[in-house]
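So the structure is just underneath, and the comments pick up after that.
Chain identifiers are assigned alphabetically (A, B, ...) following the order of the sequence lines, protein sequences preceding nucleic acid strands; residue numbering begins at 1 within each chain.
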Amino acid sequence: MADGSARRARIERLLEAARELADGERASGRALRARLLATTALSSAGIERALGHALETHPSEAEVQALLAATPEAPRAHVLLSANVFVAALRAIALGVASSKSVAVRASRRDPALAEALFALVPDLFELTPRLTPAAGERMWSYGSDATLAEVRRSLPPGVWFHPHGAGFGAVVVAAAAWAPETARGIALDTALFDQQGCLSPRLVCVVGSDAQARSIAGQLAEQLRALDAELPPGPKNEDERAVARRQRDAAAYAFELFDAGSGWISCSTRAVLPPGQRTLHVVPTSDAVSTLSPFTSHLTCIASGAHALSSELCRRFPGARVVAVGEMQRPPFDGPVDHRKSPKGELIG
Amino acid sequence: MATAWLETSDRLHERVQRFAESGAGDDDFSALAVAIAKYQAEASEGFRRLVAARGASLQTLDDIPPVPSDAFRLARVAAHPSELDAVRFFTSGTTGAERGTHAMRRTDTYERLSLAMGRRSLLGPAGRAVVVALAPALTDPPSSSLGYMMARFMEAFDGEPLAGAETAFSSGSSARWLLSEEGVNLRGLELASRQASARALPLLLLGTAFALVRLLDDLQGARLALPPGSVVMQTGGFKGRSREVSMEELRAGVSHALQLAPERVVGEYGMTELTSQLYEGTIAESALGAQRPNAAPGIYFEPPWLRVTPVDGVSLRPVAEGEHGLARFIDLGNIDSAVSVVTQDLVCRVGGGLQLLGRAPGAPPRGCSLAVEALLNG
């Protein structure tokens, strides 16, 4: 196995490539932006904010050391990327690079932009391949829907270590009594980034308080999301996507109290449901946020808590989710996998 | 003491029943639909919210905002309180998502409308048949609108005991529900067929597409001759419960196995969210067949109390003649739920009827955010 300094150096070179790509003044950065406009369905402003806010270009030394410590080494690592939020490719490849000096990456067919741009800058760190063939003793990091991951798992030969990352979503817990108006902007930014396509994006807002307080907060969130339509416009939608959005908005208008949030909407009711994304949130008043979120445990990746008193309880009750501050949901520490739902040790295929 | 909304609802039920019986009578379709929509806007908070959100005026058919069929999964779509539910029908559900519910306060309108269109589409002038279903026995209370309709067909079109299996007629008799986990009760089907022959009646066999595939599988190539004039009513899809075959292949297979002309395998289109049904018009001796001579298979006709309009998925306005769009149903039978419903089914107007073109494409999933269908409610 490689010594720690070699692994550390590989990560640093990958991060350096990411920093170059994040820089809009560099030719490679400009080229990536142009490509992402075609592959991500995000607006130009949305891409810029994602590169500036959510691409992990400057992790702390402690984070990098934690990532190296948490990542098992292997003779060869494989990384299967899905049409994730585009910045997720960096962390996924970093896990492979931390694991092995021999890394094969299969980029998403629909959104290969960042993986290909990184490869162009550091081609010796990993190879891009249309087909992954992991063997016993090697490690496989896979991203995709739960159905895709189940299929991948079935295809793996015995002896491979499997690291699946399935779909998920984020939630917000706020105490109405401690609500500050600026919290609404933080939640709105977490929501608007990536047009809520990410597994860290909030979908459900638990307001510890009364129905009236929840409605008031829903109204403030709607106002902030409306404002973000100008500042951070949503990406273009095709006819099919617009038709689905129309249907979903009308169904929500029938079922719940609805607040117009520009391109999206906020629904509010005493029943916790998951809205469909594309800048939509469901606000639910509760006296017990843990109970409200419990049915969603297996899919919760991230919980933003505006109520610090609740954070330790949320950490304890939802160990698979990262508990972060409002406004920080889209940039979890670069210290390992994006969430804690699966053990970083992986699963040995029998 | 009856409340005002209840009196309004009852009056609307009576108007719709009269409309269905007379064809048009003193009422007209648009006036009835608008009256029902206004009643629903008064009595249903959800519909009132939708009307407000869309700024709808409820003055014409196109001003009635259609309720997306998804709403039946998210909320109670009803103008009356749940304690007045006479039946609750549940959608079958194809994913882990919550199933939808259509609650009905009165069943007589549903029964009259479904019997009227079933009789018009499936039976000849005599209006009688021995009726059995390739479906599991109806639960008590009934939860499937299709099963409920099948039981009403058994009562209204048949009503006689099956000799050797029943001493008195019962729509709940296991001799009439010929599908179970074990497969199709072929002996029961043969018995019903012999009974029909003995009574000089056709057999009306009611089944879903997946049940008919199961019948073909269980017959293993054998054939069973049904009496002259018999009809197979096929409805619904497969939903992963059997191998999938095209409608043409299924029609040909059933026609061959049961020794019927292909046009005697009649498609029915219904949804839990609706009260009314559409049928193919291929039975020449039926009232629908007489009205639509030479109707082609694959073209479905609505009854006078139901209008289906292909609409644009974004504006929900009717598309140009000949173009396909989402199916918007204005169903006068949906008095206590949603008079206008829009689905994800694509349809096209053809020859006075409708061609069903399958589901509209959903928004392609992007990113790793959980698909809403996978986890609607914890």
Side-chain angles (χ1 to χ4, degrees), chain A residues 40-41 82-86 88 110-111 143-147 165-170 194-201 203 237-258 260 269 271-278 292-296 299 301 338, chain B residues 40 44-56 65-78 95-98 100 311-316 325-326 328 337-338 340-344 346 359-378:
Chain A
T40 61
S82 69
N84 241 318
V85 297
F86 76 90
R110 193 161 62 194
D111 187 7
Y143 299 79
S145 68
D146 293 350
H165 176 82
F169 71 98
F194 302 110
D195 287 346
Q196 224 175 3
Q197 295 167 18
C199 61
L200 300 168
S201 300
R203 305 269 278 277
K237 287 192 179 82
N238 63 32
E239 278 294 297
D240 289 341
E241 290 167 329
R242 290 171 61 211
V244 170
R246 164 74 191 247
R247 199 185 74 235
Q248 290 169 334
R249 181 190 282 255
D250 283 355
Y254 189 99
F256 311 113
E257 186 170 2
L258 209 67
D260 177 22
S269 79
R271 184 172 150 223
V273 297
L274 205 60
Q278 299 292 338
T292 302
L293 290 176
S294 288
F296 304 98
H299 286 96
T301 59
V338 72
Chain B
Q40 290 173 354
S44 160
E45 189 184 348
F47 189 58
R48 199 158 52 243
R49 279 196 300 258
L50 180 60
V51 168
R54 302 258 60 99
V67 176
S69 52
D70 315 61
F72 286 78
R73 287 188 298 130
L74 287 171
R76 177 179 166 83
V77 179
T95 69
E98 192 169 330
V311 297
D312 177 81
V314 178
S315 70
L316 299 183
L326 295 181
R328 184 197 70 188
S337 52
S340 183
V341 175
V342 66
T343 72
Q344 289 169 266
L346 285 172
R359 303 276 278 180
R366 288 183 179 277
C368 49
S369 185
L370 192 66
V372 70
E373 289 79 8
L375 187 62
L376 193 69
N377 186 25

Query raised in the report: With a 4.5 Å heavy-atom cut-off, do V342(B) and D250(A) have their side chains touching?
Result: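 When only atoms from C-beta onward are counted, D250(A) and V342(B) do not touch, as no gap falls below 4.5 Å.
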What closest approach, in Å, do [X] and [Y] show between heavy atoms, and which atom pair accounts for it?
{"X": "P68(B)", "Y": "R247(A)", "answer": "CG-O, 3.5 Å"}
{"X": "L74(B)", "Y": "A255(A)", "answer": "CB-CB, 3.7 Å"}
{"X": "R76(B)", "Y": "Y254(A)", "answer": "O-CE2, 3.8 Å"}

Query raised in the report: Considering the options E241(A), R242(A), K237(A), which one meets the side-chain contact (heavy atoms from CB on, under 4.5 Å) requirement together with V314(B)?
Result: R242(A)
Query raised in the report: Which value, rounded to the nearest 0.5 Å, describes the distance between E45(B) atom CD and E257(A) atom CD?
Result: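 Atom-to-atom, E45(B):CD and E257(A):CD are 8.5 Å apart.
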Requested in this report: Select, from V77(B), V67(B), L326(B), V51(B), the one with the greatest count of heavy-atom pairs under 4.5 Å involving chain A.
Outcome: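 With the most close heavy-atom pairs to chain A, the winner is V77(B).
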Query raised in the report: Quick one: what part of F256(A) sits under 4.5 Å from any heavy atom of chain B, side chain, backbone, both or neither?
Result: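 Contact with chain B is through both the backbone and side chain of F256(A).
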Query raised in the report: By ring pair (Phe, Tyr, Trp, His ring centres under 6.0 Å), which residues pair with F47(B), not counting sequence neighbours?
Result: none
Requested in this report: Counting only heavy atoms closer than 4.5 Å, note whether S69(B) contacts chain A via side chain, backbone, both or neither.
Outcome: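 No part of it gets close to chain A.
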